[in-house]
Structure formats: structure tokens, C-alpha cells
Student: 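Supplied in C-alpha cells, the structure appears directly below.
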Amino acid sequence: MDNIAKILSDAGLENPAVAEYVAYWAGITEPDAIEVISAKDDDRLIAEGLDTGEIAPAGEGLYYSRSYYKDTARSEERTVVATHKPQEAGIYNNWHDATEVTARQLESMKGASRGKTMYVVPYLMAPPKAPLEKWARGVELTDNLTVVLHMIRMARVGVEHLNNLEDSGQFVRAVHVTGDLENLGQGTDKDKRLFATVADERTILHFGSSYGGNALLGKIAHGLRQASYDGWASGEFLSEQFMLIGIKDKLKNRTYYVCGGFPSASGKTNLAMMLAPDALGDRYEVYFYGDDIVWLHVGEDGKIYGMNPEYGAFGVAKDTNWKSNPTAMDAIKEGSKTLFTNVAYNPETQELWWEGKTPDYPEDVTGWLDWKGEKISDRPADRQRSEAKGDEWAHPNSRFTTSLANVPNVAPDYEEPQGVPIDAIIFGGRVKDREPLIRAITDLTEGVYDGLTLGAQATFAAEGKEGVLRYDPMSMRPFMSYPEGDYAAHWLKIIGSAKEQPIFAHVNWFQRDPEDGHFLWPGYRDNLRALLWLLDVKEGRAEGVQTPVGILPKKEELNLDGFEGDDADLDKLLSIDAELWKKEMSYRREHLAQFKNLPEQIWAAHERIEQAFNA
Ligand code: GTP
Ligand code: MN
Ligand code: MN
């Protein structure tokens, strides 16, 4: 213990509660060495990783890593929220008893870091001096160097964030142990992995992975699960899987701030990195504030502020190219110190490739390794360039990790401690019919109701009845940490207490033509057109058409300068199919009926909409 206090203090970390925490867990996991990390250690750690082969060079200032082939995504089945109160079990939070879960994790972690270094990573999930800073401090203990490199990119890492605290013990204790990945029984009935947030102890215990949200504990485990629990328990704030952008109207010299949730892989990062359509570029500019997490609180001036607690972006590589997302391509260019995970790699040329990076595969397969590290040239000829599932060069969930400072459209004030005042909150999923391009909602309860009934269409028959959504309230289903009824009440309370109410909207970029299946809306940069209309409604410049589920744009109210989409498709995108909606209302009733203590107002909103459809 004396020794550990000295290691910490030599590294400039002066916090007795952290020393006690590190000593306790070092006693359990038994690492060979303990090392304290700050962001300035990045270059040295990269050199060490290149030396040991944990990462590989991928051109000037770019790095590549591969995770174990059975460890390439978040595991929802193996993720639990644990507390001491059984009444905190919800439908989605996978609640477990805290005492049992902790005992199990202690057992799994016992001696599991032998032969390895325990890195002590003090971090902050907020800009420094943020009003919510006390909820943002954490210390991750991890036995994996690549995880440390990810943390340095995704969170503000440094001893300074944990020194001189009013309450030295107020930080999230986040313990990550990789485990023996080849012997964990991933996906079998003897699966030893467990990813637990012990929410009422502000302790995160993740065992059995080195990948993404399973291992970088600042991001999802702390930033979303723990933070949404803290925000509820303290009554102070909301934490949501949201993107956050600024839309600047250069003519009026006014910037509007829009945040919102789309389920995973439904376009948050793409929206946040959006360029205005060419024809609108003279007047409007889109600024990136965040692409995956927003904390919302009411400021002293009574406005709702949205703040991105992250320091980087962990984006999907697939289909990212200079046409679909030039902003992302620019952010991950040479010199950016971006880390790529599970894409295809050519060690001879140090090149990287993923499906959709270029229209075709690299010309010469010589030297190329797929995401598992297997030579493409060793495959039978007909599988070297095959688009069949399982033959991908890059894993479909392969990602890039880069700091926000690299994102070319990052807002000049993205580190503003309290965030930015929110004008609009939007929800959107992937729905192939029924959901119009955009519907504006001006009533708080109906906005919250809309978030609670957000979903994406089941893509595989096994996941549900055809046409029925996989509901994903506020896009938080995988990160929900407390019961849904309380969640709805907390939303009504926090947003309801603001002096200026945001406008809500539901958007859908994914409606398809029932005949040939093409997307009715071109999406991407054109999405700005829908958001500009929403701001016009908010400012009283557009009135739209009232429907039971909100206000739809009149075609002439949309700014269509330079629009290349189909006019006939627009008619479909701007209308409501009442028959499909009536069916949907009955599914929604079943969905909401699962939630205990759902506020009466939410049911009243449901009834109101249902009656309007039946009138
Ligand atoms: P997570 O990071 O997993 O939470 O997902 P995300 O919400 O950030 O999703 P992302 O922006 O990475 O997009 C996922 C997929 O949706 C990509 O394949 C995009 O190409 C596609 N996509 C994004 N925006 C649009 C759009 O406006 N229209 C269409 N058709 N596809 C889109
Ligand atoms: Mn996400
Ligand atoms: Mn994203």
C-alpha cells in the first residue's frame, strides 16, 4: 500500500481515495506492475505498443489494432446493471443484485492480471470546470495497453482531474480486466464474460473483453449507464445516446443547437459530421459538438444545456469514404494519431482498407490481411473479393478512434464547460414505411412520448413480427440503467423545469419505396433541409400541416435549393398513412404497458393520439 501511494504520488496523482482503490484492486488482480497514465504519455505508449506488436503502424501517425475474433462488439446479453434495490429492475436494464454480481466479478478477476501491467487511467467525462464535473470524474484500471490508447483519445485523461477534490472519493471506480480471451466461452452457455455497472456504488466491473464499450469504461459504462443513473438519483441531469450539432445561419448570425437520439448504427455520427448541401453552404454551416453522448441539464439562466462528455469519436469504418463522409475521412487522415480496429491491413505497405472505403477492393491482394489477420491470398480465388457474409475484409463493426480536435467541422467552442443551449431535440430510427421525413412536436409530453416509442424496424424475422419495431426508448435501450417509468418521469421533470422549452421532432431518413426498395430521401447532407424547416416552425416562420402525431412540412416550406431528389418521392415522405399508424398505436400500447409507474401524462398523450386517428 505504501508502495502504491508512492507510485501514484511520483506520477503526480495526490488523492488518498484513489490510492486506496488502486491498492484494493491490485490486491485482487495481482498485476506485475502499476503505472499511472496521463495524456502526455501517449507517444511513449504508442512506441511501446509498436514494439510489442500490440499495435501496428498504418502510415504516418496512424495505428492499427486487431481484437480477438470472438470479441468484436458490445455484448448486450452479458451486460448488466446491478444495485442493492430490486425495485430498480426495469425491462431493459438487465438488473442484478449488486452483492452477487460483485462477488462473481471478484472471483473472475482474482489473479487475472498476473504477468501484466495495471494502468491507472484518471479521466474526466466532461470539459474541465463543467457544471456537471463532479459526476464526470473516474479512474479506470485496465491491464490492456490498447484500451489505454483508446481512453486517451475518447476521454480527457490526466492526473490533474483527480487532484485537489473537495471530496477525494467522488469518482467512478472503473475496473477492466481483459481475461484469457481464448478461454472465456464467448457466446456459449459457459460464457465467463460479464460487464457490470454497480450503479449505486458508482463502480464498474468489466471482465472478459478488450473491445470498445466493453473495455473503454469512460464512454458507455460511465458516460451513459452510470451517468444516467447518477442524473436520475441526484435529480440533476439526463445522459443520453445523442448527437449534438450547431446549425449556423450566417445571414441572421444565429446558431441553433439540435441534439437527438438515433439507435446505434442509425446515423448520429454521419449527421454530426454533415456538410451543408452545396447550394445552402453560403448561408448555413453545421458544427460538430458530439456524435454519441449528451448530458442535459438546466442552467442557472433556466435554459437547457447539452454537453458532450467525450473527447473523441469512435466511428463505424464501413462505408466511410470521401463521398459519404469527407469530414470523417479528413479527421482520420495521416498525422491524426487515429487508431483503427479490425479493418483490413497490409503490413507490407502499411495500408488500411474497409468495405466501402473505395468502390472496389484494392487492386492487388498481395500482402493484405483480413480483420482476423488471415492472408487474403490464402483464400480460394472465388472468396478473395466476395461480398458474401463472412468473407468481409474488414469486420462490419470495425471502427476508427480519433480525437475531436481532428474533426474539421468541430465547433470552435466545443469545450465550453456548460455546453450549448438546446433549441431542438430529435428522435429518429430506421423505418421503411409509415414514418414521414419529419414531424415536429411542440408539446413536452408528446415529445417524451415520442422518444419512448422510438424504434427501428426488425431486420431479421427472428427479431420480431414483420413491421413491428424493436423499440429503443430515446435510443437508450442498451444503456438503460433504471426503470423506464422513472426514466419518463425524470425526462418530464428535467425538461419541464426549463424556462424555454425546446421543440421536439421525429425524423426518418430511411423510408423506402415499397416497389423497388430505394430510399425515398437522399439523406446525408440533405438531412439539413428537414432540420432547417424544424427551426422555421420553432421561430414561427413555417406552419406546416397538423396531424395526430405532429406537424408535417408543406412541400413549399422546405428549402429545396439544389435538391436532386425525386419530387414524387417527396409527396410520400410528407404524408401520413393512417392505417399503418393505427396498427402502430396498438403495438405502442403493448410496449408501454410493460413499464411500471409510467406517468399518467404519457398514457394521456397516447390516448389523445389514438383518438385523433380514430376521429
Ligand atoms: P453508433 O456509433 O453505433 O451509435 O451509430 P451512429 O448512429 O453514429 O451511426 P452512423 O452515423 O455510423 O451510421 C450508420 C449507418 O447509417 C452507416 O452505414 C451510414 O452510411 C448510414 N446512414 C447514415 N446517415 C444516413 C442517411 O441519411 N441516409 C441513409 N440512407 N443512410 C445513412
Ligand atoms: Mn452509439
Ligand atoms: Mn457513431
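Only a predicted model underlies this, so the values are computations on that prediction, with no experimental measurement involved. All ligand and atom numbering here is 1-based and tracks the order in the structure.
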Student: Touching ligand 1 at all, Gly315? Heavy atoms, strictly under 4.0 Å?
Tutor: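 Per 4.0 Å heavy-atom rule, Gly315 does not contact ligand 1.
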
Student: Identify, for atom 1 (P) of ligand 1, the protein heavy atom at the shortest distance, and state residue, atom and that distance.
Tutor: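 That would be Ala265 N, 3.5 Å.
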
Student: For Tyr482 and His490, does a side-chain donor sit closer than 3.5 Å to a side-chain acceptor?
Tutor: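 Result is no, nothing qualifies.
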
Student: Would you mind telling me if ligand 1 is within reach of the side chain of Ser264, the backbone, both or neither, using heavy atoms under 4.0 Å?
Tutor: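 Under 4.0 Å from ligand 1, Ser264 contributes backbone and side-chain atoms.
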
Student: Applying a heavy-atom cut-off of 4.0 Å, say which part of Pro263 lies close to ligand 1: side chain, backbone, both or neither.
Tutor: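 Looking at Pro263 and ligand 1, just backbone atoms fall under 4.0 Å.
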
Student: Could you tell me whether the side chains of Trp295 and Glu236 share a donor-acceptor contact shorter than 3.5 Å?
Tutor: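 There is no such pair (donor and acceptor under 3.5 Å, judged by atom type) between the side chains of Trp295 and Glu236.
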
Student: Which residue and atom name correspond to the protein heavy atom nearest atom 19 (C) of ligand 1, and how close is it?
Tutor: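 Atom 19 (C) of ligand 1 sits closest to the protein heavy atom Tyr524 OH, 3.5 Å.
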
Student: Below 2.8 Å, which protein N, O or S atoms neighbour the Mn ion (ligand 2), ignoring water?
Tutor: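 Metal shell, protein only: Gln241 OE1, Asp292 OD1.
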
Student: Would you say Gln511 touches ligand 1, if touching means a heavy atom closer than 4.0 Å?
Tutor: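 Contact check Gln511 vs ligand 1: negative.
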
Student: Can you tell which part of Leu271 has a heavy atom less than 4.0 Å from ligand 1: side chain, backbone, both or neither?
Tutor: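 Neither; nothing of Leu271 gets under 4.0 Å from ligand 1.
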
Student: Where is the nearest protein heavy atom to atom 30 (N) of ligand 1: which residue, which atom, and how far?
Tutor: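 I find the closest protein heavy atom is Phe519 CE1, 3.5 Å.
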
Student: Do the charged groups of Arg156 and Glu415 touch, with an N to O distance under 4.0 Å?
Tutor: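 Between Glu415 and Arg156 there is a salt bridge, with a charged N closer than 4.0 Å to a carboxylate O.
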
Student: In the protein, what heavy atom is nearest to atom 3 (O) of ligand 1, and what distance, to one decimal place, separates them?
Tutor: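 Among all protein heavy atoms, the one nearest atom 3 (O) of ligand 1 is Arg399 NH2, 3.1 Å.
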
Student: Backbone, side chain, both or neither: what part of Gln241 comes under 4.0 angstrom of ligand 1, heavy atoms only?
Tutor: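 Side chain only.
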
Student: Using a heavy-atom cut-off of under 4.0 Å, does the side chain or the backbone of Phe510 touch ligand 1, or both, or neither?
Tutor: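 Answer for Phe510: side chain.
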
